[in-house]
Amino acid sequence: QVQLVESGGGLVQAGGSLRLSCTASGSIFNINTMAWHRQAPGKQRELVAGITNGGSTNYADSLKGRFTISRDNAKKTVYLEMNNLEPEDTGVYYCKAYIIPFGDLRRGDYWGQGTQVTVSS
């Protein structure tokens, strides 16, 4: 079984910072791209940032300069550092990873359960 678990969400005032973490566990041979997505109330889920296992990153244009994605391959963990948060950043943040498991488990995208981020004005 493969699982992704996020942590680090919470309530913060506008201008504040949060650091999200997402750790993969289970029978994992390799993890390719890891990414963060978010879904605001009443809106579709959108990509926030992604990072390859080689460290190449990409960001949603509107978030460049405020958010930083990083990963620790040894810990199977991806991070999202969020600075100067705005009320518009409120939503559920989901971790996604392309995982190649051992054995007969499905290879492909796995999602975490999400962590709530609320930014008050």
Side-chain angles (χ1 to χ4, degrees):
Q1 186 175 356
V2 171
Q3 192 174 14
L4 293 172
V5 178
E6 300 106 332
S7 62
L11 173 64
V12 63
Q13 287 189 330
S17 300
L18 283 174
R19 188 190 195 212
L20 306 182
S21 300
C22 171
T23 299
S25 63
S27 184
I28 296 172
F29 171 70
N30 194 25
I31 303 175
N32 290 344
T33 298
M34 304 184 83
W36 288 96
H37 294 246
R38 70 183 183 185
Q39 187 164 18
K43 295 187 177 181
Q44 289 188 330
R45 194 174 298 188
E46 63 177 355
L47 173 70
V48 172
I51 183 167
T52 68
N53 53 9
S56 297
T57 59
N58 67 288
Y59 295 89
D61 287 341
S62 61
L63 300 176
K64 285 181 181 177
R66 295 194 298 123
F67 288 15
T68 303
I69 190 170
S70 61
R71 68 190 279 174
D72 184 329
N73 289 333
K75 294 182 178 180
K76 299 185 180 66
T77 298
V78 63
Y79 305 96
L80 185 68
E81 185 77 32
M82 305 185 292
N83 297 312
N84 195 20
L85 283 161
E86 303 169 353
E88 293 73 22
D89 295 316
T90 294
V92 179
Y93 284 68
Y94 296 92
C95 170
K96 185 181 79 170
Y98 189 93
I99 293 175
I100 303 172
F102 286 106
D104 295 332
L105 294 175
R106 174 183 65 86
R107 88 164 43 185
D109 286 329
Y110 287 78
W111 290 85
Q113 82 288 352
T115 185
Q116 177 70 43
V117 171
T118 303
V119 184
S120 63
S121 57

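These numbers come from the heavy atoms of this one structure, side chains and all, not from hydrogens, waters or symmetry mates. Position 1 is the first residue of the sequence, and the numbers go up from there.
Between the side chain of Tyr94 and the main chain of Gln39, no donor-acceptor pair closer than 3.5 Å is present. When atom types are taken as modelled, the side chain of Thr90 and the backbone of Val119 share a donor-acceptor pair closer than 3.5 angstrom. Judged by distance alone, the side chain of Arg71 and the main-chain N or O of Ala35 form no donor-acceptor pair under 3.5 Å.
The minimum heavy-atom distance between Gly91 and Gln116, with the atom names listed, is O-NE2, 3.4 Å. The heavy-atom pair separating Val78 from Cys95 by the smallest distance is CG1-SG, 3.8 Å. Considering all non-hydrogen atoms of both residues, Ala24 and Ile99 come closest at CB-CD1, 4.3 Å. Shown here for Ser70 and Ile51, the closest heavy-atom pair between the two residues is CA-CD1, 3.8 Å.
For Asp72, the side-chain contact (heavy atoms from CB on, under 4.5 Å) partners at least two apart in sequence or on another chain are Ala74, Lys75, Tyr79.
Clustering ILVMFWY residues whenever any of their side-chain heavy atoms sit less than 4.5 angstrom apart, transitively, puts Tyr59 in the very cluster that holds Val117. In this structure, Val12 is a member of the same hydrophobic cluster as Phe67, with clusters built from ILVMFWY side-chain heavy atoms closer than 4.5 Å. Under a hydrophobic clustering in which Ile, Leu, Val, Met, Phe, Trp and Tyr are joined whenever their side-chain heavy atoms come within less than 4.5 Å, directly or via other members, Met34 and Leu105 fall into the same cluster. Side-chain heavy atoms closer than 4.5 Å link hydrophobic residues (I, L, V, M, F, W, Y) into clusters, and following such links, even through other members, never connects Tyr98 to Leu80.
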Run the side-chain contact (heavy atoms from CB on, under 4.5 Å) check on Met82 and Val48 step by step: do they pass? CA-CA 11 Å; Met82 305 185 292; Val48 172; over 6 Å; no
Take Thr77 and Thr23, measure what side-chain hydrogen bond (donor to acceptor under 3.5 Å, both in side chains) needs, and give me the verdict at the end. CA-CA 4 Å; Thr77 298; Thr23 299; 2.8 Å; yes
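Note that CG of Leu85 is 11.0 Å distant from OG1 of Thr118, once rounded to the nearest 0.5 Å. Here CG of Leu47 is found 4.5 Å from NE2 of His37. Values are rounded to the nearest 0.5 Å. Taking OG1 from Thr33 and CG from Asn58, the interatomic distance works out to 8.0 Å, rounded to the nearest 0.5 Å.
Listed by first then second residue, pairs satisfying salt bridge (Lys or Arg N to Asp or Glu O under 4.0 Å) with a partner in residues 18-44 read Arg19-Glu81, Arg38-Glu46, Arg38-Asp89, not counting sequence neighbours. Residues in residues 105-115 take part in these side-chain hydrogen bond (donor to acceptor under 3.5 Å, both in side chains) pairs, two or more places apart or across chains: Glu6-Gln113.
Trp36 is listed as a side-chain neighbour of Cys22, based on a closest heavy-atom distance under 4.5 Å. Between Asn73 and Ile31 there is no side-chain heavy-atom pair separated by less than 4.5 Å.
Taking the six-membered ring where the residue is Trp, Phe102 and Phe29 present perpendicular rings, their angle passing 60° and hence far from 30°.
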